[in-house]
Number of protein chains: 2
Amino acid sequence: MDLFVSKYINKIDKKGRVSLPSSFRNVLPKANRNEIILYKSIKTPSIEGCGVGRLKEIAKRINNLDFFSEDYDDFSTSIFSEIITTNIDKEGRFLIPEELKLYAGINTEAAFFGQGHYFQIWEPKKGLKNTEVSRIRLLKEKKSLRMMLTQ
Amino acid sequence: MDLFVSKYINKIDKKGRVSLPSSFRNVLPKANRNEIILYKSIKTPSIEGCGVGRLKEIAKRINNLDFFSEDYDDFSTSIFSEIITTNIDKEGRFLIPEELKLYAGINTEAAFFGQGHYFQIWEPKKGLKNTEVSRIRLLKEKKSLRMMLTQ
DNA sequence: CATATACCCATTGACGCCCATATAATCCCA
DNA sequence: TGGGATTATATGGGCGTCAATGGGTATATG
């Protein structure tokens, strides 16, 4: 599987280390399997992460926005200037920078949520709440979640 | 046959393993015959499953949504983070995650129902009950449909 | 020199792999 | 065509490996 899927809740130890779920590590290209990038999610109090290869994709997305719009500046500033690269140790663990932990309200545990080509890291309770709200919003709006899944 | 059809009731052993019915295994592409994805059914207290190929389809579809829209987040959260991939061992067995077993009320036995391009896993009694209710509903609708047509 | 980070090793529990058996299905040949 | 032999499937259990976690120590970096 070459997508980030499922969710995991891992502990943060005294040194601040947390294991990137094994299935997430396997998504990273064999070449750069010991490095990921992290940045603040724009729309939620969470951290987003992915392999370094994904940077190009993000750049493309932003490039597709209207160059003269405020969004363009906002996104490119908030995302690019805030991106942090972090190394994964031999055991598959990495450090979440203090600033990002604060932003996401993370303390002793981190919840990893697969999002396909990237993933999110949440304070567990907030993350689970968010999933629920997301699902309810989709069902309420009668958006065809079912079609997405079954057709 | 490249469709999931028929129904089977299999035991869950002490280790939590259950055999994926042989005919279901044969539906999976030879390439990814040792991995399936599972997720909570939206409308019923059951688990739905299918091969990983479907997941890639879904990923493609979500990726085509506006990256910065709320829908994008909702879909990718509700789908990717809720999907669980699980491996099938040499004997054709797999583990049903605890969370999904709870959702479906499954304990010692699992009932597999073919649904064409995907399948459902039920607590046996609930599953049989559901087929019956389904059948009755269908008959009722047929009846009223016929009345509509002939009156 | 002090703090932070990387590397090494250890522990625990879960999971995958292997082997075994019983029952059912299929085959094959007289 | 009948009946024994072979194969497949569902199931059970032992055991090694790996993932998640904890901690000690070296190294780096300012």
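Within every chain, numbering begins at 1; the chains are lettered A, B, ... in the order of the sequence lines, protein sequences first and strands thereafter. All values below were derived from every heavy atom in this structure, side-chain atoms included, with hydrogens, water molecules and symmetry-related copies excluded.
Between A/Tyr8 and A/Phe112, the distance separating the two ring centers is not shorter than 6.0 angstrom. Aromatic ring centres of A/Phe4 and B/Phe80 lie farther apart than the 6.0 Å criterion allows.
Among the heavy atoms of the strands lying under 4.0 Å from B/Lys15 is at least one base atom, whether or not backbone atoms are also near. Using a 4.0 Å heavy-atom criterion, one finds that B/Asn10 contacts the sugar-phosphate atoms exclusively. As judged by a 4.0 angstrom heavy-atom cut-off over every strand, B/Ser19 is placed among the base-contacting residues. If you check every strand for non-hydrogen atoms under 4.0 Å, B/Ile12 touches nothing.
When the P atom of C/dA25 is taken as reference, atom OH of B/Tyr8 falls 12 Å away, rounded to whole Å. Distance NZ (A/Lys90) to C1' (D/dT21): 18 Å, rounded to an integer number of Å. To the nearest angstrom, C1' of D/dG23 lies 13 Å from CG of A/Asp89. One atom, CD1 of A/Ile88, and another, P of C/dC7, lie 12 Å apart when rounded to the nearest Å. As a whole-Å value, the separation of B/Ile36 CD1 from C/dG16 P is 12 Å. Separating the CZ atom of A/Phe94 from the P atom of D/dA20 is a distance of 12 Å, rounded to the nearest angstrom. Taking atom CD on B/Glu35 and atom P on C/dC15, their separation rounds to 15 Å, with Å as the unit. If you measure from atom NZ of B/Lys11 to atom P of C/dT23, you get 11 Å, rounded to the nearest angstrom.
Among the nucleotides C/dT5, C/dC8, D/dG14, the one closest to any side-chain atom of B/Arg17 is D/dG14. Of the candidate nucleotides D/dG12, C/dC8, C/dC15, D/dG12 has the atom nearest to the side chain of B/Asp13. When the nucleotides D/dT9, C/dC18, C/dA6 are ranked by their closest atom to the side chain of B/Arg93, C/dC18 comes out on top. Closest to the side chain of A/Pro21, out of D/dA20, D/dG22, D/dG13, is D/dA20.
In terms of polar N and O atoms assigned as donor or acceptor, the side chain of A/Glu91 never comes within less than 3.5 Å of the base of D/dC18 in a complementary pairing.
Both the sub-6.0 Å distance and the 45° axial angle are not jointly satisfied by A/Lys7 relative to the ring of A/Phe113.
In this structure, B/Lys14 reaches the D/dG13 phosphate: one of its side-chain N or O atoms is under 4.0 Å from OP1 or OP2. The phosphate of D/dA20 (OP1 or OP2) has a side-chain N or O of A/Arg25 nearer than 4.0 angstrom. The shortest distance between the side-chain N/O atoms of B/Asn87 and the OP1/OP2 oxygens of C/dG16 is below 4.0 Å.
Without hydrogens or angle criteria, A/Arg33 side chain to A/Leu28 main chain gives a donor-acceptor distance under 3.5 Å.
Of the listed residues (A/Asp13, A/Asn87, A/Leu20), just one forms a side chain to side chain contact (heavy atoms under 4.5 Å, CB included) with A/Arg93, and that residue is A/Asp13.
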